[in-house]
*Asks:* 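Attaching a single structure in structure tokens format; questions to follow.
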Amino acid sequence: MPSAIAFYTNLEDKDRTLAIDLTSHKIVATWNPACGEEGPHGVAHRRKSGHLFVACDAKLEVLNAAGDGRRAFID
């Protein structure tokens, strides 16, 4: 689970979303948003709810950054 001080980014070529701890500079969480061949394009974090929004070509993935990963998607 990422700390309160984390940076979120996408690896488009690997279809992965990462959380990087800004203190240790280590990857603390990895998610597979299942965006497909084009990979994830954008990411936004809502700290209050713990949701991480990952933009894909055809959908928006909503991940639970504070817990178990994927929660929902929007076509």
*Asks:* Identify the residue among N10, N32, L11, T9 that makes a side chain to side chain contact (heavy atoms under 4.5 Å, CB included) with T17.
*Replies:* N10
*Asks:* Test Y8 against L52 for side chain to side chain contact (heavy atoms under 4.5 Å, CB included), laying out the working first.
*Replies:* CA-CA 9 Å; Y8 298 91; L52 190 63; 3.7 Å; yes
*Asks:* Calculate, to the nearest 0.5 Å, the distance between atoms NZ and CD1 belonging to K26 and I20 respectively.
*Replies:* 12.5 Å
*Asks:* Looking at CG of L18 and CD1 of I27, how far apart are the two atoms once the value is rounded to the nearest 0.5 Å?
*Replies:*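 Atom-to-atom, L18:CG and I27:CD1 are 5.0 Å apart.
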*Asks:* Check D57 against H41 and note the closest heavy-atom contact, atom names and distance.
*Replies:* OD1-NE2, 2.6 Å
*Asks:* Measure across W31 and A65 and return the closest heavy-atom pair with its distance rounded to 0.1 Å.
*Replies:* CZ2-CA, 3.8 Å
*Asks:* Can you list the residues that meet the side-chain hydrogen bond (donor to acceptor under 3.5 Å, both in side chains) rule with H51, with sequence neighbours excluded?
*Replies:*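 Applying side-chain hydrogen bond (donor to acceptor under 3.5 Å, both in side chains) to H51 gives S49, R71.
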*Asks:* Starting at SG of C56, measure out to CD of E38 and round the result to the nearest 0.5 Å.
*Replies:*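 C56 SG to E38 CD: 11.0 Å, rounded to 0.5 Å.
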*Asks:* Rounded to the nearest 0.5 Å, what's the gap from CG on L63 to NE2 on H45? Could you check?
*Replies:*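 Rounded to the nearest 0.5 Å, the CG-NE2 separation comes out at 10.0 Å.
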*Asks:* Please report the shortest heavy-atom distance between V54 and C35, naming the atom on each side.
*Replies:* CG1-SG, 4.4 Å
*Asks:* For the pair F53 and V43, evaluate side chain to side chain contact (heavy atoms under 4.5 Å, CB included) and give the outcome as yes or no after the intermediate values.
*Replies:* CA-CA 6 Å; F53 300 90; V43 64; over 6 Å; no
